[in-house]
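A quick write-up on the structure given underneath.
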Amino acid sequence: MGPPGLAPLLLVLQGCWASVSAQDGVTPAATTKDLNSTEPAPATLGPSLSPRTPGAPRTPESPSHPRPTPVTDVAALCVCDLSPAQCDVNCCCDPDCSSMDFSVFSACSVPLVMGDSQFCSQKAAIYSLNFTANPPQRVFKLIDQINPSIFCIHITNYKPALSFINPEVPDENNFDRLMKMSAGFTLNAELDSSFSTKLDAANTAKYEYGAQLQTSNDSSGSFLRFPSPLMSSLCTDDNPAAFLVNQAVKCTRRINLEQCEEIEALSMAHYSSPTILRVPNSGVEVPITIQSIVIQSLNKTLTRLEHTDVLWPALASAGQERICINVVLEVKYSLTYTDAGEITKAALSFLLGTVSSAVIPLQQKFEIHFIQQETEPVPLSGNPGYVVGLPVAAGFQPQKGSGIIQTANRFGQLTILHSSAEQDCLAVEGMRTPVLFGYNMQSGCKLRLSSTIPCRLVVRKVKDLLRGQGFPDYVAPFGNSQAQDVLDWVPVHFTTLSSNVKDFCQLPVALVIEVKWTKYGSLLNPQARIVNVTAKLISSSFPEASAGNERTVLISSVVTFVAASAPAEAGFRARPAINARLPFNFFFPFV
């Protein structure tokens with residue numbers, strides 16, 4: 001027998017042990033949805049203080065108030081899906097992505113999507129990639145995430161607080177009451193919307209799909225407009241042109257033949273005068289150029305004009321009948337754009353005709369087409385150093401302070417005379433051979449001097465033959481040099497060597513180009529760099545050719561690459577010096 005208070009204490013401890021052991025059961029697993037694979041989701045642990053029989057499933061208690069319903073379905077929300085009907089890179093929740101797209105993904109850009117973080121219990125979507133599968137698959141999990149904060153929302157006791165209250169719509173019954181509640185009419189909403197529209201337009205640095213094309217012509221409302229039918233077949237002149245929206249419309253216009261010269265919609269100048277802004281809200285303008293003009297006569301014959309001058313409508317007489325010539329019947333817009341959302345070119349094609357009283361009302365046709373500008377990557381001659389066998393990059397500077405101008409053809413920037421089997425200089429005119437890095441080259445041709453051609457003309461012809469069209473002023477030091485880095489480019493030193501002999505023709509006979517290069521960088525991976533370029537035009541003296549005294553002169557071009565690198569010497573660190581001193585009493589007591 002023990003103390004009298006021991007039995008109640010044991011009962012209390014036994015009840016506590018039963019309550020604790022009731023919490024060690026299995027908690028319900030999180031809901032798992034898998035789009036491409038099957039993987040169990042981690043369980044969400046939550047305490048339960050209600051006693052239950054071990055092994056029996058736990059039934060959750062229903063709260064006295066309803067739990068808040070999430071406004072957003074995280075399983076259907078994809079914040080990185082920016083392109084419609086197209087797979088976005090590393091966007092694992094994009095429904096447009098396939099297994100082939102997942103194979104090039106590096107990771108999920110948005111691995112976790114959650115709802116409102118103020119709720120105590122919320123849904124969370126977890127995305128990951130299974131690279132062990134073949135092909136790689138996307139794994140999707142939908143779990144219940146617990147908010148550890150003590151200030152989270154557990155139950156909803158006031159439902160209107162979770163959403164905005166629907167405003168009361170004014171009608172004939174409540175209009176007076178709403179008028180007394182407000183201070184009167186205001187245009188705040190209208191002003192806010194206009195202000196936000198202007199702010200968005202100011203922040204727009206490119207045209208987007210469906211955006212109106214802006215112009216610098218205030219008379220057209222600052223937007224490019226062309227006629228189109230509205231409610232009927234009659235033309236209205238307020239149809240705005242939208243970016244990347246091709247249109248083709250037909251409409252009729254009722255005109256007074258005697259006033260055709262005063263109607264703007266019948267004149268070419270009305271459509272060709274506006275200038276389109278290259279990008280929205282910028283000062284860079286793209287003028288509209290006239291590409292072609294076709295004239296249609298009364299008997300439907302078409303004649304294309306050679307010029308593109310603006311023609312104006314004019315009244316004329318055809319026998320007893322009054323007609324109006326040069327009337328716009330058809331307008332075709334061709335707008336060229338880039339991937340950056342810029343308009344680079346605008347062209348117009350007109351079909352003009354003759355209008356008589358028999359064809360009134362007048363039918364007009366308008367088309368607008370957008371053409372994408374083809375941009376091909378510019379090949380490099382090295383990165384950064386030149387690669388042997390690739391062309392030398394060169395260009396010229398039109399004015400001081402500007403960048404280097406290069407031709408689009410990489411093989412036509414620095415060239416020499418082209419050699420042919422016929423060896424005729426006049427036959428190879430315009431044909432050039434590119435200067436390839438590291439290749440010593442020599443080419444030539446033969447020129448016959450006759451008395452019918454004066455010396456001055458021959459000298460100018462041979463100079464153009466040797467130098468080519470647009471001989472460069474600068475050469476790129478590296479194969480990937482940028483055109484805007486003018487100070488890094490190597491200038492071409494052009495000199496002329498001639499022997500002045502009186503009454504002789506100083507004819508250029510050779511162009512010698514010497515390119516000095518050096519190895520730049522480390523010894524393990526040296527890069528070829530051009531440090532100096534010299535072009536010498538060598539002239540020789542020839543007597544004036546006379547009748548029966550014709551001669552043949554050899555014209556040649558030479559390119560030489562000279563290695564100017566100093567011999568590389570491997571450097572070694574100095575040998576360590578021992579700086580040690582013996583203690584002052586080391587030889588005691590001998591010294």
Side-chain angles (χ1 to χ4, degrees), residues 201 204-230 233-253 255 260 263-296 302-313 326-353 355 362-375:
T204 303
K206 64 178 182 179
Y207 285 109
E208 297 181 353
Y209 178 82
Q212 297 181 0
L213 301 181
Q214 298 184 10
T215 63
S216 59
N217 190 357
D218 296 335
S219 61
S220 60
S222 298
F223 294 103
L224 181 64
R225 305 174 186 272
F226 60 94
S228 67
L230 189 58
S233 61
L234 296 179
C235 295
T236 57
D237 298 327
D238 294 331
N239 179 36
F243 184 65
L244 298 184
V245 179
N246 298 331
Q247 301 185 47
V249 296
K250 292 182 180 180
C251 60
T252 58
R253 191 183 301 275
I255 63 173
C260 71
I263 302 176
E264 293 183 349
L266 305 182
S267 174
M268 292 176 53
H270 176 69
Y271 305 98
S272 60
S273 59
T275 54
I276 303 175
L277 297 185
R278 185 181 183 94
V279 293
N281 306 302
S282 67
V284 183
E285 300 177 353
V286 178
I288 299 178
T289 59
I290 300 176
Q291 190 173 15
S292 64
I293 301 175
V294 179
I295 302 295
Q296 177 178 310
L302 301 178
T303 303
R304 181 167 181 171
L305 301 182
E306 296 181 358
H307 64 84
T308 56
D309 300 333
V310 176
L311 302 178
W312 301 86
N326 301 331
V327 175
V328 174
L329 301 180
E330 184 176 333
V331 181
K332 291 184 180 180
Y333 290 86
S334 297
L335 304 180
T336 305
Y337 70 96
T338 63
D339 294 335
E342 300 179 356
I343 300 295
T344 58
K345 184 180 179 182
L348 280 179
S349 299
F350 286 98
L351 175 62
L352 306 182
V355 179
L362 177 66
Q363 186 179 25
Q364 292 179 313
K365 182 180 179 181
F366 301 92
E367 297 182 6
I368 181 170
H369 298 281
F370 289 86
I371 304 172
Q372 185 176 7
Q373 179 177 346
E374 297 182 359
T375 55

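None of the values given here were measured: they were computed from a predicted structure.
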**Side-chain heavy-atom pair F350, V328 within 4.5 angstrom cut-off** = yes
**Asked** Which residues pass the ring-ring contact (aromatic ring centres under 6.0 Å, His included) test with Y271, sequence neighbours left out?
**Response** F366
**Asked** Is I276 close to I288 at the side-chain level, that is, under 4.5 Å between some pair of heavy atoms?
**Response** yes
**Prompt:** T252 versus C235: any side-chain heavy-atom pair under 4.5 Å?
**Reply:** no
**Item:** Partners meeting side-chain contact (heavy atoms from CB on, under 4.5 Å) with I263 (sequence neighbours left out)
**Value:** I255, A265, L266
**Prompt:** For Q372, what residues pass the side chain to side chain donor-acceptor pair (under 3.5 Å) criterion, not counting sequence neighbours?
**Reply:** D339
**Message:** So does A269 get a backbone contact from the side chain of S267, meaning a donor-acceptor N/O pair under 3.5 Å?
**Reply:** yes
**Gap between atom CG of L348 and atom OG of S272 - 0.5 Å precision** = 6.5 Å
**Message:** If you count every heavy atom of other residues, nucleotides or ligands that lies below 6.0 Å from E264 atom CD, does the total exceed 12?
**Reply:** no
**Message:** Between L351 and K365, is there a side-chain heavy-atom distance shorter than 4.5 Å?
**Reply:** no
**Message:** Are the side chains of L213 and L335 in contact, using a 4.5 Å heavy-atom criterion?
**Reply:** yes
**Request:** Decide whether S216 and T275 meet the rule of one side-chain donor and one side-chain acceptor closer than 3.5 Å.
**Result:** yes
**Request:** Verify the ring-centre separation between F243 and Y337: is it less than 6.0 angstrom?
**Result:** yes
